[in-house]
Amino acid sequence: MNALVELRNVSVTFRSPWFAPAPEVHAVNDVTLTLRRGERLGLVGESGSGKSTLGRTLLRLIQPTTGRVRVGGQDPFQLRGADLLAFRRRVQVVFQDNAASLDPRMTVGEAIREGLDIHRIGTPAQRRARVEEMLDRVGLDPAYAQRYPHTLSGGQRQRVNIARALALDPQILVADEPVSALDVSIQAQILELLDRLHADLHLTLLFISHDLAVIRELCDRVAVMYQGRVVETGPTEQVFAAPTDDYTQLLLASVPEPAPLAAPLVRAATA
Amino acid sequence: MLARSQPPVWFEAGSWDHPLGTDNLGRDLASRSLYGIRTSFGIASLGLIFSAVLGIALGVIAGLGGPWVDRAIMTVVDVFITLPNLLLLLCGIALLGSEIWVLIVMIGLVRWEAYARLVRGQVLTIREQGYVEASRALGGGMVRVALRHVLPNLASPLVVILTLSFPGVLLMEAGLSFLGVGVQPPTASLGRMIGDGRDYLVNAWWIAGMPSIVIVMITLLFQLIGDSLRDRIDVRADG
Ligand SMILES: Nc1ncnc2c1ncn2[C@@H]1O[C@H](COP(=O)(O)OP(=O)(O)OP(=O)(O)O)[C@@H](O)[C@H]1O
Ligand SMILES: [Mg+2]
């Protein structure tokens with residue numbers, strides 16, 4: 001198995017503005033991680049551990065302070081013009097907030113078509129056909145193309161977000177807590193959809209979540225983040241059965257409770 | 001034979017020939033008011049459009065252009081806010097003369113900073129929305145974000161603000177014309193008419209009074225339209 005995505009010693013530091021005396025935030029700290037072609041990697045960690053920041057770095061939305069990123073052998077931060085657009089087609093994203101991710105002034109059809117418009121793919125008729133095809137793929141009636149996001153349920157909106165991301169036929173999908181804002185029953189449906197799309201479209205999935213159960217259900221491998229570092233990686237079953245890292249052990253032991261409770265304990269243990 | 005300073009029709013000395021009365025030169029106040037509305041509306045609307053275009057463009061650029069561009073534009077805005085409007089207007093007119101286009105440009109220049117500020121604030125909020133980040137991840141550039149996402153989401157609050165600020169611009173023109181530095185005779189404008197009637201307030205109050213009533217009514221009308229637009233938009237935001 002060859003590595004499709006390689007993150008090597010990646011750090012992201014948010015500098016505070018010059019007038020605020022607040023300290024710097026090391027959101028991501030020296031992370032080395034690879035994603036193999038076609039795998040589903042779960043990224044788990046408590047709130048503020050840097051999961052989204054790492055995802056945004058892979059999406060080339062945040063520049064790493066140090067370290068290097070390789071996607072298919074290329075450094076996305078070196079790409080310009082047509083090469084950058086090709087990279088955008090290759091790596092797509094679904095965010096947690098299904099409502100904020102859709103422009104309230106755009107119909108569902110316009111939203112799904114946005115990528116096709118940006119990349120000038122196909123004729124208007126072909127784009128319309130592609131929108132219908134994508135709606136069908138995510139299990140929505142083609143008539144939804146005319147509707148506005150606020151008339152949809154949260155689960156339906158997340159399906160639209162998935163359709164928009166997949167309309168460009170990406171190779172890699174970053175799903176940043178895609179089900180965290182949804183009811184448990186809807187969560188299961190969306191997870192099932194992602195699972196099916198992964199199989200049908202040969203996607204490589206970076207699945208970000210703070211929910212261990214969800215990761216266990218969907219992912220082949222898991223990476224555990226704590227305070228900006230990846231403290232443990234391994235095949236899902238192996239990590240769940242025999243975690244080697246102290247923090248992972250605490251995280252697994254505290255499963256019924258919210259994960260952040262573990263943080264002060266670990267700090268006390270390592271101090 | 002001209003009837004000078006004839007009162008409106010509902011007074012004993014009034015007649016239906018001049019329903020709103022005549023001024024000191026015997027000119028019909030009703031028809032002069034209509035001309036005045038045309039002049040004042042023209043100047044106010046063009047001034048408003050000029051300031052809106054300037055303010056919206058600079059507000060969007062400040063909001064999307066990054067910290068340095070933002071700071072530069074907002075410094076200029078702050079300077080303009082501290083300058084007294086009337087002083088700015090009078091200086092501009094003193095330098096450039098009191099032609100109509102000067103009035104339009106100067107009115108635009110004293111109003112734009114409010115719009116720039118408002119638009120920048122809205123852009124900073126919209127910029128943080130997930131759909132903007134999603135658009136960037138799809139490959140959309142800043143121009144696309146501005147045209148397809150920011151401006152459409154700004155449109156409804158802007159329509160309300162522009163409607164509500166129209167009377168203010170109208171009054172600005174009226175004020176300048178009243179002071180005698182705005183529209184020059186013989187062109188009729190509402191402010192000019194009030195200014196002309198100022199000397200006859202005791203004997204023929206209607207010469208200044210009729211155009212004043214017209215201004216009050218126009219102001220009220222725009223206020224009502226603006227308020228109902230705002231209500232409508234709020235309802236939509238809830239749905
Ligand atoms: N744009 C930013 N500017 C400054 N600090 C930021 C920014 N984005 C994130 N941070 C900080 O970086 C740290 C990591 O944030 P991040 O959003 O990556 O965490 P997360 O693991 O995704 O958390 P959550 O589960 O709450 O989404 C946090 O301390 C956060 O406050
Ligand atoms: Mg996050």
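Each chain gets a letter, A, B and so on, in the order the sequences are listed, and its residues count up from 1.
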Worksheet item: Tell me, side chain or backbone of B:R144 under 4.5 Å from chain A's heavy atoms, or both, or neither?
Response: side chain
Worksheet item: Quick check: are there more than 12 heavy atoms from other residues, nucleotides or ligands sitting under 6.0 Å from CZ of A:R68?
Response: yes
Worksheet item: Quick one: does A:R105's side chain get under 4.5 Å of B:H149's, heavy atoms only?
Response: no
Discussion item. Please identify, among A:R56, A:E110, A:Q96, A:R60, the residue contributing the most non-hydrogen atom pairs under 4.5 Å to chain B.
Written reply: A:R56
Practice prompt. Go through the atoms of A:R89 and report whether side chain, backbone, both or neither lie under 4.5 Å from a heavy atom of chain B.
Written response: neither
Worksheet item: In terms of heavy-atom pairs under 4.5 Å with chain B, which of A:L102, A:L59, A:D97 leads?
Response: A:L102
Worksheet, complete the sentence: So CG of A:D103 and CG of B:N153: to nearest 0.5 Å the spacing works out to 4.5 Å
Response to the item:
Applying a strict 4.5 Å limit to non-hydrogen atoms, the region of A:V91 in contact with chain B is backbone
Discussion item. Just checking A:E133: does its CD atom have more than 12 heavy atoms from other residues, nucleotides or ligands closer to it than 6.0 angstrom?
Written reply: yes
Item to complete: Looking only at non-hydrogen atoms, find the nearest pair between A:R164 and B:L138 and report the distance.
Response: CD-CD1, 3.8 Å
Fill in: Residue pairs passing the salt bridge (charged side-chain N to carboxylate O under 4.0 Å, His left out) test where at least one lies in residues 148-160 of chain B, sequence neighbours excluded
none
Response to the item:
Nearest heavy-atom contact between B:A134 and A:S101 is CB-O, 4.4 Å
Practice prompt. Might you point out which heavy atoms bring A:Q92 and B:A137 nearest each other, and give the distance in Å?
Written response: NE2-O, 3.0 Å
Worksheet item: Hey, which of A:L85, A:V93, A:L61 has the most heavy atom pairs under 4.5 Å with chain B?
Response: A:L61
Practice prompt. Answer yes or no: does atom CZ of B:F41 have more than 12 heavy-atom neighbours from other residues, nucleotides or ligands under 6.0 Å?
Written response: yes
Discussion item. Show the nearest heavy-atom pair for residues B:Q129 and A:A100, with the distance to one decimal.
Written reply: OE1-CB, 4.0 Å
Practice prompt. Would you name the heavy atoms of A:F95 and B:G130 that are closest together and state the gap between them?
Written response: CE1-O, 4.2 Å
